[in-house]
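To start, the structure under review is shown below, and the notes come after it.
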Amino acid sequence: LQLVRRGVKTFIHLSNNFSLLEVLHTSQLVYPFIYKTATFLLPRRIVFGVNTIERIGEEMKTLTSKKIIIVTGPVVSKTGVVEKVMASLEKAGLEASVFDKVGPEPRIEMAEEAVEVARSGGFDGVIGVGGGSVMDIAKVASISLTNPGAVKNYLGLNQVAKKGVPLICAPTTAGTGSEVTRFSLLVVGNVKRSINSPNIVPDIALVDPMLTVSSPTNVTAGSGLDALSHAIESMMSTEITPLADALALEAVNFISRYLRVAYHHGGNIEARTYLSLAATMAGLAFNQGLLVLGHSVAMTFGPLYNVPHGTSCGMSLPYIMEYYLTVAADKLTLIARAMGENVGDLTPREAALKAIHAVRRLVEDVEIPLSLKEIGVPKEQLPTFAEACVRDWPRPNSPRKLTKESVLKVFERLWSGEGPE
Ligand SMILES: [Fe+2]
């Protein structure tokens with residue numbers, strides 16, 4: 001055990017990162033990855049910065065594609081960003097067409113429609129410019145151009161045989177992190193399913209914070225809390241490594257410092273920049289660490305009550321942090337510190353509680369409800385939710401086993417809105 005601890009310290013000692021130094025000072029952390037192989041998947045390039053959208057043509061040209069399909073949605077296509085992408089592609093001498101039909105929570109049928117357009121047009125490159133849904137469909141379009149067959153064949157873990165055609169994803173919200181992940185989520189029947197494959201990680205994540213400046217306040221709040229959930233949940237996961245932990249912890253720091261600012265002052269470029277960076281960092285973290293109970297809870301009640309994904313994740317987050325308090329107080333202490341809480345000489349439990357209260361305050365400050373009661377969910381429905389949660393999203397990487405009984409208790413607290421003592 002001592003050797004393991006020393007190993008972690010050595011790793012940390014090599015870094016100048018502030019958050020990693022924080023880890024050093026509290027480093028009784030033992031990472032399960034030391035005993036097994038860990039894989040960290042990345043895009044080939046992350047191009048980050050204000051107005052980087054203007055160089056998307058040049059970036060696409062480096063990937064050797066000539067005829068590009070731009071996947072986007074009806075809302076984004078009215079903001080002028082698609083025109084900027086087209087102009088940049090034209091300047092780089094590339095041909096492009098637009099598919100702008102992708103709405104929120106896309107169904108598999110939407111993916112099939114995009115695939116038909118992509119296959120019939122002879123395209124050899126894909127750009128996804130939009131929120132998580134758009135990027136998810138762009139990923140499917142890219143793999144469909146190198147892998148035969150129907151979209152349903154790609155669902156599940158590692159079902160995509162070949163890498164897709166070159167793909168650039170440019171997010172217009174600071175939330176999902178889909179621009180760097182190995183996941184594409186599609187609604188099939190009444191259930192959200194995922195394509196989970198290293199072959200759909202975009203070649204380039206082009207992250208321009210200016211694309212998020214026009215987001216309405218509720219989108220800013222929900223997206224920011226989605227990213228915060230990615231960061232915190234991946235830190236709880238048994239699959240996490242120090243590499244991903246460092247990214248997640250710094251994402252927590254940025255979101256806690258800047259989400260309120262962006263919520264109240266949407267035009268604040270500094271806040272938008274740090275939130276975009278945080279969303280990408282949290283995406284990298286959960287791409288490796290995977291998510292735990294928070295997203296399971298959110299996916300259960302969110303779609304049924306028309307609560308947007310990020311909002312439902314933000315509502316669930318403080319309650320699942322309570323759930324993991326007994327097994328992850330060390331991580332919750334780091335989260336408290338990253339959120340600016342003074343944990344001084346507190347016990348691990350007291351420090352962990354500070355993290356939970358800090359997240360509750362942040363959720364309240366961006367005007368997202370903290371109870372299911374408030375959004376009209378009847379208490380009688382909770383056992384059904386708990387059962388569906390454990391059945392559909394079992395999370396083998398959860399550090400505390402998910403049982404119907406224990407998850408029901410989480411739902412009961414979320415229903416009432418009651419915080420920890
Ligand atoms: Fe999410």
Residue pairs meeting side chain to side chain donor-acceptor pair (under 3.5 Å), one or both in residues 371-395, sequence neighbours left out, come to Ser296-Arg395, Tyr305-Gln381, Ser371-Glu374
Check whether any side-chain heavy atom of Met315 sits under 4.5 Å from a side-chain heavy atom of Leu372, and report yes or no.
yes
Are any side-chain N or O atoms of Thr280 and backbone N or O atoms of Ser276, one a donor and one an acceptor, separated by less than 3.5 Å?
yes
Least distance between heavy atoms, Val165 atom then Asp203 atom:
O-OD2, 4.1 Å
Do Ile269 and Val50 touch side chain to side chain, with heavy atoms closer than 4.5 Å?
yes
Backbone of Val252 reached by a side-chain donor or acceptor of Arg257 within 3.5 Å:
no
Note, Met236 side chain near Lys331 side chain (heavy atom, < 4.5 Å):
yes
Judged by atom type as modelled, is there a donor-acceptor pair below 3.5 Å linking the side chain of Ser223 to the main-chain atoms of Thr220?
no
Test item: Gln159 side-chain N/O and Leu157 main-chain N/O as donor-acceptor pair under 3.5 Å:
yes
What are the two closest non-hydrogen atoms of Ser256 and Ala338, and how far apart are they?
OG-O, 4.0 Å
Whether the Lys139 and Thr181 side chains hold a donor-acceptor pair (N or O, under 3.5 Å, no angle test) is what I'd like checked.
yes
Not counting sequence neighbours, list each pair that qualifies as a salt bridge (Lys or Arg N to Asp or Glu O under 4.0 Å) and has a residue in residues 307-323.
Glu322-Arg413
Run the side-chain contact (heavy atoms from CB on, under 4.5 Å) check on Leu89 and Ile127 step by step: do they pass?
CA-CA 11 Å; Leu89 291 171; Ile127 288 176; 3.9 Å; yes
Is any side-chain heavy atom of Leu63 less than 4.5 Å from a side-chain heavy atom of Ile168?
yes
Pairwise side-chain contact, Asp208 with Val47, heavy-atom cut-off 4.5 Å (strictly under):
no
Determine whether Ile232 and Leu228 satisfy the following criterion, side-chain contact (heavy atoms from CB on, under 4.5 Å), listing intermediate values before the conclusion.
CA-CA 6 Å; Ile232 292 180; Leu228 184 66; 3.9 Å; yes
Throw together a table of side-chain donor-acceptor distances under 3.5 angstrom for residues 118-125, partners on residues two or more places apart or in other chains.
| residue | atom | partner | partner atom | Å |
| --- | --- | --- | --- | --- |
| Arg119 | NE | Ser144 | O | 2.9 |
| Arg119 | NH1 | Gly149 | O | 3.2 |
| Arg119 | NH2 | Ser144 | O | 3.3 |
| Arg119 | NH2 | Asn147 | O | 3.0 |
| Arg119 | NH2 | Gly149 | O | 2.9 |
| Arg119 | NH2 | Tyr154 | OH | 3.1 |
| Ser120 | OG | Glu116 | O | 2.9 |
| Ser120 | OG | Val117 | O | 3.3 |
| Asp124 | OD1 | Lys66 | N | 2.9 |
| Asp124 | OD1 | Lys67 | N | 2.8 |
| Asp124 | OD2 | Lys66 | N | 3.1 |

Which atom names give the shortest non-hydrogen contact between Trp415 and Leu382, and what distance separates them?
CB-CD1, 3.7 Å
Donor-acceptor pair, Ser229 side chain versus Leu225 backbone, under 3.5 Å?
yes
Give the ring-plane orientation class for Phe286 versus Phe183, where under 30° counts as parallel, over 60° as perpendicular and anything between as tilted.
parallel
Quickly, which of Ile53, Thr212, Val129, Val213 forms a side-chain contact (heavy atoms from CB on, under 4.5 Å) with Thr172? Name it, please.
Val129
Exercise: do Asn268 and Arg272 side chains pair donor with acceptor under 3.5 Å
no
Could you verify whether a donor N or O on one side chain and an acceptor N or O on the other, from Ser406 and Arg400, lie under 3.5 Å apart?
no
How about Lys192: does its NZ atom have over 12 heavy atoms from other parts shown lying under 6.0 Å from it?
yes
Within a radius of less than 6.0 Å around CD of Glu83, do more than 12 heavy atoms belonging to other residues, nucleotides or ligands occur?
yes
If I compare all heavy atoms of Leu290 with all of Asn287, which pair ends up nearest, and what's the gap?
CD2-O, 4.3 Å
Would a distance-only check, ignoring hydrogens and angles, find a side-chain to backbone donor-acceptor pair under 3.5 Å from Ser234 to His230?
yes
Using only atom types and a distance under 3.5 Å, with no angle test, would you say the side chain of Tyr274 pairs donor to acceptor with the backbone of Asn253?
no
Between Ser194 (side chain) and Asn196 (backbone), is there a donor-acceptor pair under 3.5 Å?
no
Is the backbone N or O of Ala358 less than 3.5 Å from a side-chain atom of Glu341, with the two atoms forming a donor-acceptor pair by type?
no
If you define the side chain from C-beta out and look only at heavy atoms, does anything of Met235 sit under 4.5 Å from Asp245?
yes
Apply side-chain contact (heavy atoms from CB on, under 4.5 Å) to the pair Cys389 and Val297, showing each step before the final yes or no.
CA-CA 6 Å; Cys389 193; Val297 168; 4.2 Å; yes
Do the side chains of Val292 and Pro399 get nearer than 4.5 Å, heavy atoms only?
yes
Sub-3.5 Å donor-acceptor pair from the side chain of Glu58 to the main-chain atoms of Ala92, do we have one?
no
Taking atom NZ of Lys61 as the centre, does the number of heavy atoms from other residues, nucleotides or ligands within less than 6.0 Å exceed 12?
no
Minimal non-hydrogen separation, Leu167 against Ser142, with atom names:
CB-OG, 4.0 Å
Shortest non-hydrogen separation from Val151 to Val115 and the atoms involved:
CG2-CG2, 3.8 Å
Would you check if Gln288 and Leu41 make a side-chain contact, meaning some heavy-atom pair closer than 4.5 Å?
no
